[in-house]
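In the text below, chain A, chain B and the rest are named by the order of the sequence lines, each starting its count at 1.
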Amino acid sequence: KAGVTQTPRYLIKTRGQQVTLSCSPISGHRSVSWYQQTPGQGLQFLFEYFSETQRNKGNFPGRFSGRQFSNSRSEMNVSTLELGDSALYLCASQFGGGADTQYFGPGTRLTVL
Amino acid sequence: TQLLEQSPQFLSIQEGENLTVYCNSSSVFSSLQWYRQEPGEGPVLLVTVVTGGEVKKLKRLTFQFGDARKDSSLHITAAQTGDTGLYLCAGAGSGGSNYKLTFGKGTLLTVNP
């Protein structure tokens with residue numbers, strides 16, 4: 001089976017712009033979770049989608065949003081980018097969610113200038 | 001808010017040495033996972049421990065879950081250069097928060113030849 005793929009791998013934006021990141025889970029997996037990883041805060045949970053519905057949400061401002069499509073692919077969007085949004089954004093795929101093993105993609109490295 | 005503290009934050013050792021890294025919290029977790037992340041990649045699950053006092057071995061790696069399910073340790077025997085990476089622990093909450101993993105900030109291990 002192919003692993004979790006994320007596109008693009010690298011992205012440079014300027015403050016105030018918006019960005020959309022994409023994640024394709026492992027075939028057959030219905031849950032996708034998104035995380036932000038920074039050196040100072042580590043890995044922080046953004047949200048989880050299961051069968052096109054947001055099932056859980058972390059403590060991030062409303063500028064961070066996501067969605068999941070019927071084929072389980074997911075996108076996350078960050079509007080009005082701030083310098084502090086520079087991070088590695090990881091998505092993780094699970095078969096059903098909960099205690100199922102999470103398989104992480106390689107991440108998208110976002111740099112905000 | 002459930003927090004996981006990992007120590008040490010950085011560890012640099014010579015090949016062949018033994019080491020232990022720790023993951024501590026004031027909260028009880030239903031399970032605890034250990035991941036290793038290499039540069040440019042997402043975290044990869046090493047092990048999940050569920051029962052208080054549980055010990056699991058994965059070749060030269062030994063994982064232990066505290067009796068009270070609040071802490072865990074990872075011991076590596078005879079470290080090799082291939083063990084270099086960021087070691088992350090992640091706790092799964094109980095009940096309604098079970099779908100969200102809380103990650104520690106990680107221990108960055110460098111094994112020198």
Side-chain angles (χ1 to χ4, degrees), chain A residues 2-10 21 23-26 29-51 53-60 66 68 87-109, chain B residues 1-10 21-25 27 29-51 54 56 58 63 65 69 85-109:
Chain A
V4 179
T5 58
Q6 292 188 244
T7 56
R9 290 294 308 274
Y10 303 92
L21 312 181
C23 172
S24 292
I26 292 171
H29 285 192
R30 296 164 65 189
S31 167
V32 173
S33 297
W34 287 90
Y35 293 85
Q36 181 195 66
Q37 186 176 30
T38 59
Q41 298 299 319
L43 259 159
Q44 293 185 287
F45 174 77
L46 281 156
F47 28 65
E48 184 212 0
Y49 285 87
F50 181 84
S51 293
T53 300
Q54 188 180 86
R55 188 159 66 174
N56 208 346
K57 190 177 188 304
N59 297 321
F60 277 80
Q68 188 179 34
L88 181 67
Y89 289 88
L90 293 159
C91 87
S93 153
Q94 288 175 285
F95 176 72
D100 289 349
T101 299
Q102 292 198 38
Y103 296 88
F104 283 85
T108 294
R109 172 72 64 186
Chain B
T1 303
Q2 297 175 312
L3 294 174
L4 278 167
E5 300 285 340
Q6 289 191 244
S7 61
Q9 190 176 354
F10 301 97
V21 298
Y22 301 91
C23 176
N24 296 294
S25 175
S27 303
F29 292 99
S30 61
S31 65
L32 197 137
Q33 301 178 347
W34 283 93
Y35 292 81
R36 180 170 67 212
Q37 184 177 18
E38 298 184 21
E41 302 294 332
V44 174
L45 180 66
L46 295 172
V47 76
T48 301
V49 285
V50 178
T51 306
E54 182 177 4
K56 280 192 174 179
L58 186 67
F63 304 85
F65 202 12
R69 291 186 288 130
L86 179 67
Y87 287 82
L88 296 159
C89 65
S94 55
S97 63
N98 198 34
Y99 296 110
K100 185 173 68 176
L101 286 178
T102 300
F103 280 83
K105 293 183 181 180
T107 292
L108 185 60
L109 171 66

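The two residues B/G42 and A/L90 have their closest heavy-atom pair at CA-CD2, 3.9 Å. Nearest heavy-atom pair, A/Y35 versus B/L101, reported as atom, atom and distance to 0.1 Å: OH-CB, 3.9 Å.
The candidate from A/S31, A/G58, A/G40, A/C91 with the greatest count of non-hydrogen atom pairs under 4.5 Å with chain B is A/G40. Ranking A/G107, A/P106, A/A92 against chain B, the residue ahead of the rest is A/P106, based on heavy-atom pairs under 4.5 Å.
Within 6.0 Å of CZ on A/F60 lie more than 12 heavy atoms contributed by other residues, nucleotides or ligands. Residue-environment remark: CD (A/Q54) exceeds the threshold of 12 foreign heavy atoms within 6.0 Å. For A/F47, the CZ atom counts as densely surrounded, since its 6.0 Å shell holds more than 12 non-hydrogen atoms of other residues, nucleotides or ligands.
Between the side chains of A/Q37 and B/Q37, at least one donor N or O lies within less than 3.5 Å of an accepting N or O.
A donor-acceptor pair under 3.5 Å is absent between the side-chain atoms of B/K105 and the main chain of A/P39, judged by distance alone.
Using a 4.5 Å cut-off between heavy atoms, A/R9 touches chain B through its side chain atoms alone. Proximity to chain A is absent for every atom of B/L108, based on heavy atoms less than 4.5 angstrom apart.
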